Amino acid sequence: MRVWVIKRSTTPYLHGDYTSLSSLHETHFDNDPRYLKTKTWPEKISQWFVTAAFLGIGLGGLWVVLMGVIAALYLLPIWGSVLFVYWLT
């Protein structure tokens, strides 16, 4: 952000008043909310590890459920024959 400030001053050359524009450099203040929201690299890396951990736990849980469904389909003929014999008796 560039801030333009209008100054009034006198010059020894013109012996009068004149108006000039001078630019101020952008300064970062500690209480500026835009810079309070930024994260440092250690915070970003720790956030990546937390995200990777939750993603790993989620994929592990999904893997267990998928293996359970596959095992149930594999054992379906056995359970079906047991239930058929039970129904006959």
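Residue numbers start at 1 and run along the sequence shown. Since the model is a prediction, treat every value here as computed from it, not as a measurement.
Trp41 CH2: 12 or fewer foreign heavy atoms inside a 6.0 Å radius.
Side-chain contact check for Leu62 versus Leu66: every heavy-atom pair is 4.5 Å or farther apart.
Distance check: Ile45 CD1 to Trp48 CH2 gives 6.0 Å after rounding to the nearest 0.5 Å. For the atom pair Thr51 OG1 and Phe49 CZ, the distance stands at 11.0 Å (nearest 0.5 Å). From Phe84, atom CZ reaches atom OG1 of Thr89 across 10.5 Å, with rounding to the nearest 0.5 Å.
No continuous path of ILVMFWY side-chain contacts below 4.5 Å connects Ile57 to Val64, so the two sit in separate hydrophobic clusters.
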